[in-house]
Protein chains: 2
Amino acid sequence: MAGEGATSIWMQPEGHERSGPGRRPGFSRRQITRTAVRIADAEGVEAATMRRIASELGTGAMSLYRYIPRRDDLFDLMIDLAMSGIELPDGPSGDWRGDLTLLARQVRAAGLRHPWLIALLTSRPTLGPNLLRVHEFALGAFKGTELHIDDVTGFVGMLNDYVHSAIRREIGWLEEARRTGLDPERWKRDYMGPYVRQVVESGAFPLFNRSVLDSRTAHLAPEERFRHGLDRILDAIAALTPSLSPR
Amino acid sequence: MAGEGATSIWMQPEGHERSGPGRRPGFSRRQITRTAVRIADAEGVEAATMRRIASELGTGAMSLYRYIPRRDDLFDLMIDLAMSGIELPDGPSGDWRGDLTLLARQVRAAGLRHPWLIALLTSRPTLGPNLLRVHEFALGAFKGTELHIDDVTGFVGMLNDYVHSAIRREIGWLEEARRTGLDPERWKRDYMGPYVRQVVESGAFPLFNRSVLDSRTAHLAPEERFRHGLDRILDAIAALTPSLSPR
DNA sequence: ACCATTCAGGTACCATGTACGCAAATGGAA
DNA sequence: TTCCATTTGCGTACATGGTACCTGAATGGT
């Protein structure tokens, strides 16, 4: 074997269609990944253990290692599968703002559908084909402008940073509640609530207090809040580059 | 006991100075946290296991549970200890741009000193006293301006999103290499390198290629790159609010 | 001197990733 | 048809993790 294990999973494609001797494979990377994603969606990544996935497939844990070198590689595959759900036009439309808005909404939808996605994505530097596809579309939104590629990368980075962080904020407490086993409502009321109240009542952080008490956006629906922040990022991009249409 | 375990760690202060009967405590939360941080700094969070920390302190693993309810709470304490290393003036100087630059640099320094900090910070919604202190300083930078608190929160969020993401990018591959046990140089050359080269040579993502090949900022020193991105964020904030001094 | 109270920490249990090895299946060659 | 090299299926086993439980030691008030 050449370069076994010491390379990215994307360099070790599925054992391509052989026609030689030997037992036929009973599973596939895709099938295993799909199962892992399904479990993770329903019960969190920590529930998607090798044994659990195998059991769901009606087999033993060690069978999976015929298809996936290490558990970490499975994460890369899961990320890529989740990103594959992001549907985008083939190319940029010419309306950079519209394209990026579409992109952001799609990423948000994927992030909510797979609450583990953003956490995995930001915890490991991965470059699966679908992430590259999405990234390429983002970069393409600025096609036609006279921007230097570094500026484009910077803007796309700003947008990504916002989208990811916003999704994390939106999921954050929900996920934490699920992880600790409490139902979300009780978690907010009994776990974090009393502490925040104590902090507020102590008066030690007056501006934090105002950001909690006087906030208007806090009472907005999640999508609205997301759109507000997104618009701010897009406005910022427009404001930084006079050559772009302001809006 | 009232509300045991079902509350944030910040609601369960250290067993305050008693004077009743019973054996004297031989350790302290702070001491345990310090040890955990030291191990995590040197060998990664995954090395800071309960057994390892205890062994470092010359005791048994279960002794730690007299001071810390769950391992997750230890993470909160570690985050707070790392954030306590961020040194800031008592109040805003009046120069919002200077204050935020100072803040960003301090956070970056803390993030590099404790390569696990940002990952933990963004993986769990925690609100320790030192995080609140730092956040309050950030909000305070806009004191004197006529901005609504929601806008201030939004800007501070933008800044935080950038700083955290930039630190993650700066550490990213380094950490991944350490996690997999390879030395960083070999990781980049043998693990990720060949794949990126393959992607580039395939020509499937032309804009990604340009962002890799034609980048000028990629060859900058890390601090320079950080400062560039930071300036872009601050420029964006200034551009979005005409009432602020542009620079 | 006694005792309720508190801490130290050993033992034990369960879950996890995964190395290893052998049995079972498979298709080409003899 | 008969073998056999090859590949998959997967049980067993081990190291490592968090942590529940329990016993014994230390301690200060009565």
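Just so we're on the same page: letters track the sequence lines, and every chain starts at 1. Worth saying up front: this structure is predicted, and the values here are computed from it rather than measured.
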Any side-chain donor near an acceptor of the partner, Ser84(B) and Asn130(B), under 3.5 Å: no
Nearest-Å distance for atom pair CG/C1', residues Asp73(B) and dT19(D): 13 Å
Comparing Ser63(A) and Arg51(A) on DNA chain D - which has the more 5′ nearest nucleotide: Ser63(A)
Minimum-distance nucleotide (side-chain atoms of Ala61(B) versus dG9(D), dA8(C), dT19(D)): dT19(D)
Gap between atoms CD1 and P, on Ile53(A) and dT18(C) respectively (whole Å): 11 Å
Between C1' of dA20(D) and CG of Leu64(B), the distance in whole Å: 15 Å
Whole angstrom value for the distance that separates C1' of dT16(C) from CD of Glu46(B): 15 Å
Integer-rounded Å distance: dC13(C) C1' and Met50(B) CE: 17 Å
Touch class at under 4.0 angstrom, heavy-atom based, for Arg71(A) against every strand present: sugar-phosphate
Arg29(A) bridged to Asp73(A) by N-O distance under 4.0 Å: no
Salt-bridge contact Glu136(B)-Arg133(B) (side-chain N to carboxylate O under 4.0 Å): no
Rounded distance in Å - CD1 (Ile68(B)) to P (dA8(C)): 12 Å
Listed nucleotide nearest any side-chain atom of Phe27(B), set dA8(C), dC10(D), dT18(C): dA8(C)
Position toward the 5' end of DNA chain C (nearest nucleotide), Gly58(B) or Tyr65(A): Gly58(B)
Euclidean distance, atom CE of residue Met62(B) to atom P of dG24(D) [Å, nearest integer]: 18 Å
Nearest-angstrom distance from the residue atom CZ of Arg24(A) to C1' of dG27(C): 7 Å
Heavy-atom side-chain contact between Trp10(A) and Leu127(A) under 4.5 Å: no
